Peer 1: 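To start, I am sharing the structure in question, which I have written as structure tokens.
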Amino acid sequence: MGELAASGGYYISMGACSLVATPFTFTGSIGVIFGKPNLKGLYDKLGITRQSLQRGKRASISNEYRYLSEDEKKFLYGHLERIYNDFVAKVAQSRKMSVEAAEAVSKGRLWIGIQAKDNGLVDVEGGLIDAISLAKIKAGIPQNEEPEIIYFPKKKKLMEFFIELAEISSHSQTETFLEQIDNYFNLFETGEPLMLYPVIVSIK
């Protein structure tokens with residue numbers, strides 16, 4: 001772990017056979033957070049009117065133009081609680097501790113590396129060199145042998161970035177990426193809704 005491996009960072013890390021963290025790595029933060037803004041007041045001040053059509057009991061649960069109903073709050077709290085309990089259970093399983101012990105160091109709290117080791121959330125206090133040395137032991141590589149180290153994500157040159165953009169699959173084989181962008185912008189005409197589906201549907 002580098003400077004920060006918390007919440008989702010810890011979630012994907014804890015499946016490793018050994019966890020290495022620096023003394024000041026921010027880690028843990030075993031929890032789940034959710035927020036839904038209500039922008040109706042802002043829209044009203046700006047003179048923006050928002051209309052939505054829905055099909056289904058909670059289809060508009062993420063609608064930012066209104067408050068959540070009591071039923072929606074109860075549904076979301078239950079959903080978040082299930083995600084949190086699953087997170088804690090996975091921590092207990094991967095760190096070989098009881099669910100109660102995992103819960104005691106969870107609840108969204110953030111730990112530095114020294115504390116995380118004391119709490120059983122990481123195995124080794126160290127840096128990249130220590131992690132490489134430990135990986136050699138796990139892989140059966142002699143300590144005096146220098147393995148190839150590949151860094152991710154690979155840095156790309158500016159031209160490589162533009163080439164990748166141009167290679168994004170288009171809606172038709174003859175339509176270029178820039179033509180797609182131009183076609184999308186043409187849909188934003190004066191007085192038209194400023195929201196579109198992520199795809200263009202053509203009915204023939």
Side-chain angles (χ1 to χ4, degrees), residues 1-39 41-42 58 61-64 67-68 70 72-158 160-161 164-165:
M1 295 178 175
E3 295 179 1
L4 177 66
S7 191
Y10 186 73
Y11 188 93
I12 63 174
S13 299
M14 65 183 180
C17 55
S18 295
L19 292 182
V20 181
T22 72
F24 300 104
T25 295
F26 287 109
T27 188
S29 189
I30 300 162
V32 57
I33 189 171
F34 174 83
K36 190 197 87 70
N38 178 10
L39 303 178
L42 175 62
R58 303 186 184 96
I61 198 168
S62 61
N63 189 331
E64 80 286 0
Y67 289 109
L68 291 169
E70 290 303 316
E72 289 170 334
K73 288 180 182 179
K74 184 177 179 180
F75 172 79
L76 281 173
Y77 287 149
H79 181 61
L80 296 174
E81 188 174 14
R82 287 191 295 273
I83 295 174
Y84 173 73
N85 290 337
D86 180 63
F87 196 169
V88 173
K90 283 183 169 63
V91 171
Q93 180 183 14
S94 65
R95 302 308 303 163
K96 295 179 175 57
M97 60 173 67
S98 67
V99 173
E100 292 74 20
E103 171 73 16
V105 294
S106 299
K107 301 177 182 177
R109 284 170 295 179
L110 198 64
W111 310 98
I112 58 173
I114 297 174
Q115 297 169 320
K117 186 175 184 299
D118 292 339
N119 290 329
L121 295 179
V122 299
D123 300 295
V124 179
E125 183 185 313
L128 180 61
I129 301 301
D130 301 286
I132 293 172
S133 178
L134 183 60
K136 286 181 181 179
I137 295 173
K138 298 286 184 182
I141 300 173
Q143 289 296 316
N144 60 356
E145 185 176 325
E146 287 296 327
E148 180 185 4
I149 301 175
I150 302 174
Y151 294 91
F152 291 97
K154 178 186 174 183
K155 289 186 177 180
K156 298 174 183 176
K157 297 178 181 178
L158 185 61
E160 290 177 324
F161 173 75
E164 284 190 6
L165 281 180

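No experiment lies behind these values; they were computed from the predicted model shown.
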Peer 1: Could you note down all residue pairs passing side-chain hydrogen bond (donor to acceptor under 3.5 Å, both in side chains) where residues 2-14 supplies at least one of them, sequence neighbours left out?
Peer 2: none
Peer 1: Rounded to the nearest 0.5 Å, how far does CD of Glu146 lie from CD1 of Ile141?
Peer 2: 10.5 Å
Peer 1: Using the test side-chain contact (heavy atoms from CB on, under 4.5 Å), find all partners of Ile150 that sit at least two apart in sequence or belong to another chain.
Peer 2: Glu148, Phe152
Peer 1: Please name the pair of heavy atoms, one in Gly113 and one in Ala21, separated by the smallest distance, quoted to 0.1 Å.
Peer 2: CA-CB, 4.4 Å
Peer 1: Name the atoms and distances for all side-chain donor-acceptor pairs under 3.5 Å in residues 73-81, with sequence neighbours left out.
Peer 2:
none

Peer 1: Could you tell me which residues satisfy side chain to side chain donor-acceptor pair (under 3.5 Å) with Arg82, sequence neighbours excluded, listed by chain and number?
Peer 2: none
Peer 1: Once side-chain hydrogen bond (donor to acceptor under 3.5 Å, both in side chains) is applied, what residue pairs with a partner in residues 100-114 remain, sequence neighbours excluded?
Peer 2: Tyr84-Glu103
Peer 1: Of all heavy-atom pairs between Val88 and Val99, which one has the smallest distance, and what is that distance?
Peer 2: CG1-O, 4.0 Å
Peer 1: Are there over 12 heavy-atom neighbours, none belonging to Phe26, within less than 6.0 Å of that residue's CZ?
Peer 2: no
Peer 1: For residues 118-128, which side-chain donor-acceptor pairs fall under 3.5 Å, sequence neighbours excluded?
Peer 2:
residue : atom : partner : partner atom : Å
Asn119  : ND2  : Gln115  : O            : 3.2
Asp123  : OD1  : Arg95   : NH2          : 2.7
Asp123  : OD2  : Leu19   : N            : 2.8
Asp123  : OD2  : Arg95   : NH1          : 3.2
Asp123  : OD2  : Arg95   : NH2          : 3.4

Peer 1: Let me confirm one number: the OG1-CG distance from Thr27 to Leu110, rounded to the nearest 0.5 Å.
Peer 2: 7.5 Å
Peer 1: Measure from the side-chain N and O atoms of Ser94 to the backbone N and O of Gly15, and report whether any donor-acceptor pair falls under 3.5 Å.
Peer 2: no
Peer 1: Show every donor-acceptor pair shorter than 3.5 Å between a side-chain atom in residues 131-138 and any protein atom, with sequence neighbours excluded, or say none if there are none.
Peer 2:
residue : atom : partner : partner atom : Å
Ser133  : OG   : Gln143  : OE1          : 2.9
Lys136  : NZ   : Gln143  : O            : 3.0
Lys136  : NZ   : Glu145  : O            : 2.9

Peer 1: Among residues at least two apart in sequence or on other chains, which ones pass salt bridge (Lys or Arg N to Asp or Glu O under 4.0 Å) with Asp86?
Peer 2: Lys90
Peer 1: With sequence neighbours left out, what residues match Thr22 under side chain to side chain donor-acceptor pair (under 3.5 Å)?
Peer 2: Thr25
Peer 1: Determine whether more than 12 heavy atoms belonging to other residues, nucleotides or ligands lie under 6.0 Å from atom CD1 of Ile149.
Peer 2: yes
